[in-house]
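By convention in this document, chain letters (A, B, ...) are assigned in the order of the sequence lines, proteins followed by strands, and residues within each chain are numbered from 1.
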There are 2 protein chains.
Amino acid sequence: MSQHRHPGAPGSAGAVPALPDLPEATVARLPEYLRALHNLADAGHETVSSEGLAAAAGVNSAKLRKDLSHLGSYGTRGVGYDVALLIEQIESVLGLTQRRAVALVGVGNLGHALAGYDGFASRGFRIAALFDADPARVGEEINGLVVQHVDELPRVAAEESIAIGVIATPAAAAQPVADQLVAVGVTSILNFAPCVLSVPEGVDVRKVDLAIELQILSFHEHRKASLTALPATGGSALTALPGGLAANDSQEAIGT
Amino acid sequence: MSQHRHPGAPGSAGAVPALPDLPEATVARLPEYLRALHNLADAGHETVSSEGLAAAAGVNSAKLRKDLSHLGSYGTRGVGYDVALLIEQIESVLGLTQRRAVALVGVGNLGHALAGYDGFASRGFRIAALFDADPARVGEEINGLVVQHVDELPRVAAEESIAIGVIATPAAAAQPVADQLVAVGVTSILNFAPCVLSVPEGVDVRKVDLAIELQILSFHEHRKASLTALPATGGSALTALPGGLAANDSQEAIGT
DNA sequence: CGCGATTTGTGCACCTCTTCACAAGCGCCT
DNA sequence: AGGCGCTTGTGAAGAGGTGCACAAATCGCG
Ligand SMILES: NC(=O)c1ccc[n+]([C@@H]2O[C@H](COP(=O)([O-])OP(=O)(O)OC[C@H]3O[C@@H](n4cnc5c(N)ncnc54)[C@H](O)[C@@H]3O)[C@@H](O)[C@H]2O)c1
Ligand SMILES: NC(=O)c1ccc[n+]([C@@H]2O[C@H](COP(=O)([O-])OP(=O)(O)OC[C@H]3O[C@@H](n4cnc5c(N)ncnc54)[C@H](O)[C@@H]3O)[C@@H](O)[C@H]2O)c1
């Protein structure tokens, strides 16, 4: 992704707000910690140990401690972390203290599901507008929002100060839509269309591609099948690994 | 994940399955290459250079070459890669030569969209069954498939030899559903519910969490805002960045 | 037949991320 | 007060991934 500039160089006066500048891998895990913390809070826990939180988030406890240490965390040795405080800290770092406005472009099959998803609202976002290019869809109301024509984007973007654009159009339309989003000042895009978007520097794009996820699973499925099918043939010196292999943290993966 | 071990280079027999044992990061990129290759093939290209394919897939060309070299690729120096051959190779490695059967559990808001998604079929998968626990939903027909009660899972799994399970139920139901899937022999799960699944060793779980993606974008949005706010120099110009323009890599990022 | 243009495959250095192991800090109990 | 068990925070080692730079291989052409 983008190259991060180090603040150190220029005479940056007094360091006031203290930009965290977290490792990318850590940033990707913070939302997971946050979700786990909310669950713990709902369950009445006031504090939690790194071990406990790590288990709830499905990661290694040492990794979790290091992640939290990066944001100058406030844990107490011998006790653990204050759940409420930690939630506050992480939300602050992730910029969730303000409820960011999200625009969804492409209200088809998938777009409908996204528009009706309450996980947006409950986790710090507000779907501010729905757009589609199909006149037949314009005017339709979903979850209290009316689908507008994509030509309205410039006007609405200004009114609602859209922070994030979500693309759920067919692949062929994704690049033009991305260009339109960028043109109205959107600097963060979540893309569900199976294609590579090219955007100017300073704009972040994240992609979700179902088929890719399935194909990765397919690879592992394939590998598992080969392993059980032909145990060590010939002089493969290595152990035959009877049952399972690897002992590891399943879950998640990659991401990291 | 996992510990792989393999003799590696020499003496790899002849025309045998020959387990690839690829780096996980490479596996995660192969589907992207595959998609780009299909586009190129449709456009009539017979060969493609690493540079060209890398651009189409949004990655660095050296990385792409290294990835392909891992699967003992058949490129021709001075020419490039044969598109059709490479497609065949990658599909073989990913185990896409057989059309794997996918079971979708939870036919609600999101499940409906997934059930109607043709990206499954066109990329090597077959939705073999739909399940839900709500009696009101059982019997509904979507895209030629009838929603069955989740209790039918054992029978159907045996009949259709389900390879991959997709969970699109509320978070509270995800773990029980995962357990049921594992119980009937499914060893690969794609989870859309925002929760950590615990599964026995040997079962792969991949997770897709929309809110997490948005929160990661939010972090970068937050950081970008702080950066432009601080640098007192001149106006709020976001252009005229230091360093060269760099053309990009953008896209994707992180780990995937 | 040899030469130059082109492109692959990879050694290497660098960087990020992960994980272990342990000292330091904290609260509690005696 | 002092000791004890528990937990954090982190140094250091290792594993894995990335990208440069270049030698080797191949094609086309004169
Ligand atoms: N349906 C799924 O489960 C699913 C899963 C993963 C990825 N996707 C991807 O998400 C995207 C949308 O999938 P879908 O099933 O909803 O498709 P869809 O055809 O049902 O919906 C696409 C919508 O985008 C609108 N659209 C087309 N061009 C537009 C433009 N230029 N501006 C604004 N809107 C435009 C169309 O009018 C339509 O309403 C596709 O790229 C698909 O590959 C879908
Ligand atoms: N809708 C979205 O856009 C979206 C996006 C990202 C993630 N998600 C997640 O996907 C999941 C599904 O979301 P949704 O909006 O479709 O919810 P939904 O409530 O519309 O659908 C859930 C479905 O699962 C069924 N179900 C419940 N328990 C079940 C069980 N034990 N076995 C089988 N089926 C069961 C319900 O009957 C219902 O039909 C949720 O976890 C949600 O957080 C949804």
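- Here Asp179(A) pairs with Gln175(A) under the side chain to side chain donor-acceptor pair (under 3.5 Å) rule; sequence neighbours left out.
- Contact of Lys66(A) with dT19(C) (side chain to base): a donor-acceptor pair of N or O atoms is detected under 3.5 Å.
- Rounded to whole Å, the distance from NZ on Lys63(B) to P on dG9(C) is 18 Å.
- In this structure, the side chain of Ser49(A) engages the main chain of Gly52(A) through a donor-acceptor pair within 3.5 Å.
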Using atom names, set out every protein N or O paired with an N or O of nucleotides 24-29 of chain D below 3.5 Å, distance rounded to 0.1 Å.
residue: dA24(D); atom: N3; partner: Arg77(B); partner atom: NH1; Å: 2.8
residue: dA25(D); atom: O4'; partner: Arg77(B); partner atom: NE; Å: 3.4
residue: dT26(D); atom: O4'; partner: Arg77(B); partner atom: O; Å: 3.4

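- We find that CG of Leu85(B) is positioned 15 Å from C1' of dT8(C), with the value rounded to whole Å.
- Under the salt bridge (Lys or Arg N to Asp or Glu O under 4.0 Å) criterion, Arg65(B) pairs with no residue, sequence neighbours left out.
- Of the candidates dC17(C), dC20(D), dT8(C), the closest approach to any side-chain atom of Glu24(A) belongs to dC17(C).
- In this structure, the side chain to side chain donor-acceptor pair (under 3.5 Å) partners of Asp209(B), at least two apart in sequence or on a different chain, are Arg123(A).
- Between the C1' atom of dT16(C) and the CG atom of Asp21(A) lies a distance of 13 Å, rounded to the nearest Å.
- Across all strands shown, Ala25(B) has heavy atoms under 4.0 Å from sugar-phosphate atoms exclusively, and none from any base.
- For the side chain to side chain contact (heavy atoms under 4.5 Å, CB included) test, residues two or more places apart in sequence or in another chain that qualify with Ala54(B) are Val59(B), Ser61(B), Leu64(B).
- Every residue two or more places apart in sequence or in another chain that forms a salt bridge (Lys or Arg N to Asp or Glu O under 4.0 Å) with Glu213(B) is listed here: Arg206(A).
- Rounded to a whole Å, the CG atom of Asn60(B) is 9 Å from the C1' atom of dC20(D).
- Annotation: side chain to side chain donor-acceptor pair (under 3.5 Å) contacts of Thr26(B) (sequence neighbours excluded): Asp67(B).
- Within residues 35-42 of chain A, no residue has any heavy atom closer than 4.0 Å to DNA chain D.
- With dT8(C), dG19(D), dT10(C) as the candidates, the nucleotide lying closest to the side chain of Ser49(B) is dT8(C).
- Comparing atom distances between the Arg29(A) side chain and each of dT18(C), dG19(D), dT8(C) picks out dT18(C) as nearest.
- Under the 3.5 Å distance criterion, the side-chain polar atoms of Lys207(B) are left unmatched by any main-chain donor or acceptor of Leu190(B).
- Annotation: of the two residues near DNA chain C, Pro23(A) and Arg65(A), the 5′-most nearest-nucleotide partner is Pro23(A).
- Residues that satisfy the side chain to side chain donor-acceptor pair (under 3.5 Å) test with Glu221(B), not counting sequence neighbours, are Thr187(A), Ser188(A).
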